[in-house]
K.L.:
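I have a structure I would like to understand better, so I am pasting it below and will then ask my questions one at a time.
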Amino acid sequence: MSAATPPDKPLSYASSGVDIDRESSSVAALIGALGRGASSRPAGTLGALVDHAGGFSGLIEFGDRLLALCTDGVGSKLLLAAELRYYETVAIDCMAMNVNDLLCIGAEPLAFVDYIAAPAPAPDTWAAIGRSLATACELARVSLCGGETATLPDMVTELDLSGTALGWLPRGAQLDGSAIRAGDVLVGLPASGVHSNGYSLVRKVVQKAGMSLREAAPFEVGSERAGEVWRHGDGAVTLGEVLLNPTRIYVDPVVDLLLACRKGDGPCAYEDVHGIAHVTGGGLSNLLRLKKGAGFYVDAPLPVLPEFEWLQAAGALSDYEMHRTFNMGMGLCIIVAPHAGAAVCEWLAARLPGSRAVGAVNDSGVVTHAIDSVRFDTY
């Protein structure tokens with residue numbers, strides 16, 4: 001235990017080395033410096049940028065269709081994989097962080113490329129990642145059309161994994177948030193665990209608690225939930241297994257929902273789907289990315305997973321910090337018109353149990369929650 005985190009001092013994401021506010025301002029500085037240099041193609045021409053809210057993925061012109069692109073990595077969750085020498089699921093995390101972002105603009109994922117940086121070649125490790133990539137491609141329904149491996153002994157100390165995903169959607173079908181209105185229903189889709197955000201803080205909490213990743217999980221996993229945890233061995237479900245459980249890929253059922261709605265045989269008209277938010281770093285504040293001025297009230301949140309309850313107690317973390325850092329049990333949120341809420345919830349719950357209405361849109365311009373201290377006015 002470091003002197004910087006004594007037992008009686010609450011932890012935070014910032015004290016763990018990740019300051020979300022400073023990161024946001026740094027990203028804004030990068031984008032501001034780009035200026036018009038971000039696009040060298042005239043508006044409306046092939047490959048030109050299509051402006052939209054949210055920023056979960058980029059969008060470019062492609063004839064009568066639009067292409068969507070995004071890139072992301074696994075982050076410091078890989079340090080847990082390195083400690084356990086278990087890489088069979090990390091490519092699922094990498095894929096999920098990308099294709100789930102594509103869903104937010106209404107795109108169907110098509111293809112993926114990966115990038116692996118390592119201090120030294122490791123055939124067994126890279127084979128495990130290959131198996132993980134194969135599973136990830138199947139879950140995301142995409143083709144792996146290339147990648148790059150780099151040995152960088154002077155730059156990296158542990159393996160790093162990132163990737164880029166490509167998707168498409170019909171012109172005019174982009175979910176840019178403009179249709180979001182007060183009264184719209186927030187439909188929450190359950191998370192599979194911590195997913196791939198906040199692991200700098202997770203690792204600090206594990207260290208503070210004096211726990212080993214190989215010990216039995218210090219909370220009740222439950223028999224039904226244990227069946228969804230990717231196991232590395234026999235016996236009791238370990239803390240490491242729960243924390244390494246891969247990020248849920250929401251292609252199934254969300255792509256099916258979008259396609260069915262476009263064809264006219266879904267639970268609602270496509271025009272009734274007003275927005276989608278991927279609940280990643282920043283937690284519930286991600287909702288604010290969808291439309292400037294819109295507010296979101298989560299008054300019936302999905303059940304909090306036991307690993308979050310343990311992290312909060314062991315790290316003495318505030319409710320605000322938890323909801324600012326983690327998904328807290330809801331990995332994706334779909335915003336639909338009021339009259340479509342019940343039908344969409346029923347359709348999704350039949351395919352992903354636990355999906356249900358969690359709140360509504362209002363005109364407050366902030367995210368509020370059933371817990372009064374959980375309130376966000378900026379992303």
Side-chain angles (χ1 to χ4, degrees), residues 24 27-73 94-115 137 140-148 162-181 249-251 254-264 266 269-278 280 286-294 332 334-336 379:
S24 295
V27 171
L30 185 153
I31 294 173
L34 273 172
R36 296 184 62 84
S39 178
S40 60
R41 292 179 175 268
T45 64
L46 200 67
L49 291 177
V50 177
D51 190 31
H52 65 93
F56 288 99
S57 64
L59 206 58
I60 60 173
E61 300 277 2
F62 197 70
D64 62 347
R65 302 180 179 186
L66 300 175
L67 295 181
L69 283 164
C70 60
T71 189
D72 207 341
C94 191
M95 181 72 73
M97 296 305 292
N98 283 280
V99 297
N100 290 347
D101 276 0
L102 290 180
L103 300 178
C104 296
I105 195 64
E108 178 182 4
L110 295 176
F112 187 77
V113 293
D114 67 286
Y115 174 77
C137 288
R141 307 176 187 172
V142 302
S143 299
L144 183 68
C145 58
E148 170 69 6
S162 61
T164 298
L166 170 72
W168 83 280
L169 64 156
R171 173 177 296 280
Q174 58 265 39
L175 301 176
D176 60 7
S178 62
I180 292 175
R181 298 287 186 273
I249 292 174
Y250 293 100
V251 170
V254 175
V255 166
D256 294 336
L257 171 69
L258 299 178
L259 293 179
C261 290
R262 287 176 195 158
K263 293 176 182 177
Y270 187 72
E271 292 73 20
D272 292 330
V273 181
H274 292 170
I276 301 177
H278 188 194
T280 57
N286 279 279
L287 291 167
L288 295 172
R289 302 167 67 175
L290 296 177
K291 184 179 182 179
K292 186 175 182 180
L332 201 77
I334 302 178
I335 293 85
V336 300
Y379 166 67

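If you're wondering where the values come from, they're calculated on a predicted model, not measured in any experiment. All values below were derived from every heavy atom in this structure, side-chain atoms included, with hydrogens, water molecules and symmetry-related copies excluded.
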K.L.:
Between side-chain atoms of residues 52-67 and protein atoms elsewhere (two or more places apart, or another chain), which donor-acceptor pairs fall under 3.5 Å?
P.N.:
unit_1: H52; atom_1: NE2; unit_2: S57; atom_2: O; d: 2.8
unit_1: E61; atom_1: OE1; unit_2: R171; atom_2: NH1; d: 3.1
unit_1: E61; atom_1: OE1; unit_2: R171; atom_2: NH2; d: 2.2

K.L.:
Tell me, do C94 and D114 make a side-chain contact under 4.5 Å, heavy atoms counted?
P.N.:
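No, their side chains stay 4.5 Å or more apart.
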K.L.:
Which heavy atom of V113 sits nearest a heavy atom of C145, and at what distance?
P.N.:
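Closest pair (atom of V113, atom of C145, distance): CG1-SG, 3.8 Å.
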K.L.:
Using 0.5 Å steps for rounding, measure from the CG atom of L257 to the CD1 atom of I334.
P.N.:
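If we round to the nearest 0.5 Å, L257:CG and I334:CD1 are 5.5 Å apart.
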K.L.:
List in chain and number order the residues that pass side chain to side chain contact (heavy atoms under 4.5 Å, CB included) with A107, two or more places apart in sequence or in another chain; answer none if no residue qualifies.
P.N.:
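By the side chain to side chain contact (heavy atoms under 4.5 Å, CB included) rule, A107 matches A68, L102, I105, L169.
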K.L.:
Find out whether V255 and P109 are in side-chain contact, i.e. whether some heavy atom of one side chain is under 4.5 Å from a heavy atom of the other.
P.N.:
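Yes, at least one pair of side-chain atoms sits under 4.5 Å.
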K.L.:
Hey, what do you get for CD1 (I276) to CG (L175), rounding to the nearest 0.5 Å?
P.N.:
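It comes to 5.5 Å.
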K.L.:
H274 side chain to A179 main-chain N or O, any donor-acceptor pair under 3.5 Å?
P.N.:
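Between the backbone of A179 and the side chain of H274 there is a qualifying donor-acceptor contact (under 3.5 Å).
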K.L.:
Mind checking what makes side chain to side chain donor-acceptor pair (under 3.5 Å) contact with D176, not counting sequence neighbours?
P.N.:
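With sequence neighbours excluded, D176 shows a side chain to side chain donor-acceptor pair (under 3.5 Å) to S178, given in chain and number order.
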K.L.:
Please report the C-alpha distance between I249 and M95 in whole Å, then the side-chain angles of each, then the deciding distance to 0.1 Å, and finally whether the side chain to side chain contact (heavy atoms under 4.5 Å, CB included) criterion is met.
P.N.:
CA-CA 8 Å; I249 292 174; M95 181 72 73; 3.9 Å; yes
K.L.:
Test of understanding: with side chain to side chain donor-acceptor pair (under 3.5 Å), list the residues that count as partners of R262, not counting sequence neighbours.
P.N.:
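Partners of R262 under the side chain to side chain donor-acceptor pair (under 3.5 Å) test: Y270.
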K.L.:
Evaluate the side chain to side chain contact (heavy atoms under 4.5 Å, CB included) criterion for residues H278 and L103: first the C-alpha distance (whole Å), next the side-chain angles of each, then the deciding distance (0.1 Å), finally the verdict.
P.N.:
CA-CA 8 Å; H278 188 194; L103 300 178; over 6 Å; no
K.L.:
How many angstroms lie between atom CZ of R41 and atom CG of L46, to the nearest 0.5 angstrom?
P.N.:
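It is 6.0 Å, given to the nearest 0.5 Å.
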K.L.:
Side chain to side chain contact (heavy atoms under 4.5 Å, CB included) for L110 and V142? Distances and angles first, verdict last.
P.N.:
CA-CA 5 Å; L110 295 176; V142 302; 5.8 Å; no
K.L.:
Return the set of residues passing salt bridge (charged side-chain N to carboxylate O under 4.0 Å, His left out) with R181 (not counting sequence neighbours), or none when no residue passes.
P.N.:
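Partners of R181 under the salt bridge (charged side-chain N to carboxylate O under 4.0 Å, His left out) test: none.
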K.L.:
Which residues pass the side chain to side chain donor-acceptor pair (under 3.5 Å) test with D72, not counting sequence neighbours?
P.N.:
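Partners of D72 by the side chain to side chain donor-acceptor pair (under 3.5 Å) criterion come out as none, since no residue qualifies.
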K.L.:
Output all residues satisfying side chain to side chain contact (heavy atoms under 4.5 Å, CB included) with A260, sequence neighbours left out; order by chain, then residue number.
P.N.:
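Once residues adjacent in sequence are excluded, the partners of A260 under the side chain to side chain contact (heavy atoms under 4.5 Å, CB included) criterion are D265.
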K.L.:
Looking at V99 and A165, what are the two nearest heavy atoms and their distance?
P.N.:
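Between these two residues, the closest heavy atoms are CG1-CB, 4.2 Å.
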K.L.:
Using 0.5 Å steps for rounding, measure from the CG atom of L69 to the CG atom of N98.
P.N.:
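Answer rounded to 0.5 Å: 10.0 Å.
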K.L.:
Where do A277 and L290 come nearest, in terms of heavy atoms and distance?
P.N.:
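That would be CB-CD1, 3.9 Å.
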K.L.:
Can you list everything that forms a side chain to side chain donor-acceptor pair (under 3.5 Å) with T164? Sequence neighbours excluded, please.
P.N.:
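Scan of T164 (side chain to side chain donor-acceptor pair (under 3.5 Å), adjacent residues dropped) gives T71.
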